[in-house]
Protein chains: 2
Amino acid sequence: MPRTLNSANSTDRMPGQATGKERILASAMLLFARMPYSDTSLRDIAAAAGVDVAYVHRAFGSKAEIFRQALLALAPLDDIAAGDPDGATMINRICDLAFLRDPRKVEDVRPLHLLTQSSLCSEARAIIAQFFGTSLALPLSRAFGHADPGRAHFALSLLSGFVTHRAIFGPADLLAIPEADQRQMLQTALMNAMLPGCSDGVFGWRPI
Amino acid sequence: MPRTLNSANSTDRMPGQATGKERILASAMLLFARMPYSDTSLRDIAAAAGVDVAYVHRAFGSKAEIFRQALLALAPLDDIAAGDPDGATMINRICDLAFLRDPRKVEDVRPLHLLTQSSLCSEARAIIAQFFGTSLALPLSRAFGHADPGRAHFALSLLSGFVTHRAIFGPADLLAIPEADQRQMLQTALMNAMLPGCSDGVFGWRPI
DNA sequence: TCACCCTGTCATTGAGCGTTGACAACAGGG
DNA sequence: CCCTGTTGTCAACGCTCAATGACAGGGTGA
């Protein structure tokens with residue numbers, strides 16, 4: 001057997017060079033941000049990381065665990081609730097998650113990309129639901145004084161719908177709207193969703 | 001039950017007695033409404049319809065074609081744009097899609113259930129994108145005088161986010177809100193999304 | 001009668017999946 | 001020196017999937 005001589009092997013790695021495990025995690029982030037959990041195979045991740053499929057599994061234990069760790073590795077980057085922001089600031093930060101990031105570059109991948117891509121996948125659902133609740137809904141609710149915690153989930157559902165819809169279908173009519181305007185629309189929608197009085201009607205219009 | 005194409009059926013069947021093909025389509029509607037395209041196997045559909053797996057494929061040609069036909073058979077039931085409704089009425093009808101229906105009963109399955117469940121699935125994406133555009137976004141845009149067609153997509157993205165989020169995660173805090181209030185919140189959010197002026201700020205609040 | 005679809009079943013195929021076991025190469029510690 | 005743990009590779013397992021090919025019963029039309 002030609003024991004691979006190439007073996008840019010293990011430990012005599014150049015400084016700054018990522019280990020296999022790190023490359024696997026980075027590849028997983030990229031791929032999970034770009035397609036749903038079920039469409040992302042360990043073989044894809046392995047190929048992107050330049051390692052064997054078996055090692056991807058061996059190094060993390062299971063596919064679900066890779067997903068969980070990719071999400072966790074992304075999460076602390078956000079600091080979404082740092083400094084106990086008020087409602088408007090919080091909404092502003094959350095809107096950051098929907099814009100200004102390029103999921104094709106690993107350093108720009110945000111947790112929200114993973115959440116929206118895989119939210120429908122039964123295996124990833126539990127992981128995502130927990131993350132959504134504790135890392136997004138809770139801080140958002142807190143920023144609005146804990147009144148009506150259900151509203152935080154409502155607002156986040158609108159957000160994830162927007163992100164998903166834009167990423168998946170990318171309807172030309174929507175993309176034709178300048179990004180600044182899109183952002184303003186989204187911010188307003190979220191803000192209105194969080195403000196109790198707003199459901200009573202806006203600009204004179206009332207729900208039928 | 002949608003009467004399928006293909007001639008007055010050779011045998012005039014007892015009322016209530018469905019052909020295999022009809023049972024397959026009904027089962028497909030139920031299952032596609034309950035779980036994503038990729039999680040729904042032809043075997044599941046076959047088992048639910050009480051026929052062999054091979055016949056499911058034989059009768060429709062491919063899995064994607066079954067999905068497409070299930071969607072098409074559901075679509076005309078809605079009459080979402082009947083009578084050239086105004087904006088508020090249209091929003092009201094669209095909100096009907098998100099409530100008041102029980103996706104466990106085949107007669108209550110709505111197109112939106114299929115759309116939101118499978119929107120992330122690459123195989124179903126094209127079918128869904130087309131349906132979203134022509135059957136929902138277009139009538140909605142028309143109801144608002146064709147101004148800013150991108151807004152229709154924006155509003156629909158919020159809707160699909162809400163439906164998906166509630167169906168998939170069903171966060172307790174959100175479900176704790178009375179359904180009438182949820183509906184009002186959703187209606188208001190969609191209405192605001194469609195009204196250009198609203199992005200300028202609501203109740204004195206302005207986007208940062 | 002015969003031929004012909006339509007409806008339906010059974011066995012199978014080929015591909016892709018997550019996962020596992022055996023094992024190689026190497027590093028650090030005793 | 002051996003021992004152990006980490007980092008990998010390779011081949012294969014068992015499984016599910018959509019899709020096919022062969023074939024059988026029955027009603028219909030000629």
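Values reported hereafter were calculated over all heavy atoms of this structure, with side chains retained and with hydrogens, waters and symmetry mates removed. Source: prediction; values computed, not measured. In what follows, chains carry the letters A, B, and so on, assigned in the order in which the sequence lines appear, proteins first and then strands, with residues in each chain numbered from 1.
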What nitrogen or oxygen pairs link the protein and nucleotides 9-16 of chain C at under 3.5 Å?
residue: dT9(C); atom: OP2; partner: D52(B); partner atom: N; Å: 2.7

Set of residues satisfying side-chain contact (heavy atoms from CB on, under 4.5 Å) with respect to A59(A), sequence neighbours excluded: K21(A), Y55(A)
Residue pairs involving residues 130-141 of chain B (criterion side chain to side chain donor-acceptor pair (under 3.5 Å); sequence neighbours excluded): none
P85(B): side-chain contact (heavy atoms from CB on, under 4.5 Å) partners, not counting sequence neighbours: T89(B), M90(B), R93(B)
Verdict with reasoning, F169(A) to H153(B), per ring-ring contact (aromatic ring centres under 6.0 Å, His included): CA-CA 10 Å; F169(A) 304 124; H153(B) 279 283; 8.7 Å; no
Inter- and intrachain pairs under side chain to side chain donor-acceptor pair (under 3.5 Å), touching residues 111-128 of chain A, at least two apart: S122(A)-D39(B)
Could you go through residues 61-68 of chain A and list every donor-acceptor pair under 3.5 Å that involves a side-chain atom there, pairing it with any protein atom two or more places apart or in another chain?
residue: S62(A); atom: OG; partner: E65(A); partner atom: N; Å: 3.2
residue: K63(A); atom: NZ; partner: Y37(A); partner atom: O; Å: 3.0
residue: K63(A); atom: NZ; partner: T40(A); partner atom: O; Å: 2.8
residue: E65(A); atom: OE1; partner: R68(A); partner atom: NE; Å: 3.2
residue: E65(A); atom: OE2; partner: R68(A); partner atom: NH2; Å: 3.1
residue: E65(A); atom: OE2; partner: Q69(A); partner atom: NE2; Å: 3.1

Distance, rounded to the nearest Å, where D39(B) contributes CG and dC17(C) contributes P: 15 Å
Interatomic distance, E22(A) CD vs dT6(D) C1' [rounded to whole Å]: 14 Å
Length of the line joining F60(B):CZ and dA19(D):P, which is rounded to integer Å: 13 Å
Length of the CG-C1' vector between D44(B) and dC17(D), whole Å: 11 Å
Sugar-phosphate, base or nothing in reach of S38(B), heavy atoms under 4.0 Å: nothing
I45(A) CD1 - dC17(C) P separation (whole Å): 11 Å
Value in whole Å for how far the P atom of dA18(D) lies from CG of L42(B): 4 Å
OP1 or OP2 of dA18(D) under 4.0 Å from side-chain N/O of H57(B): no
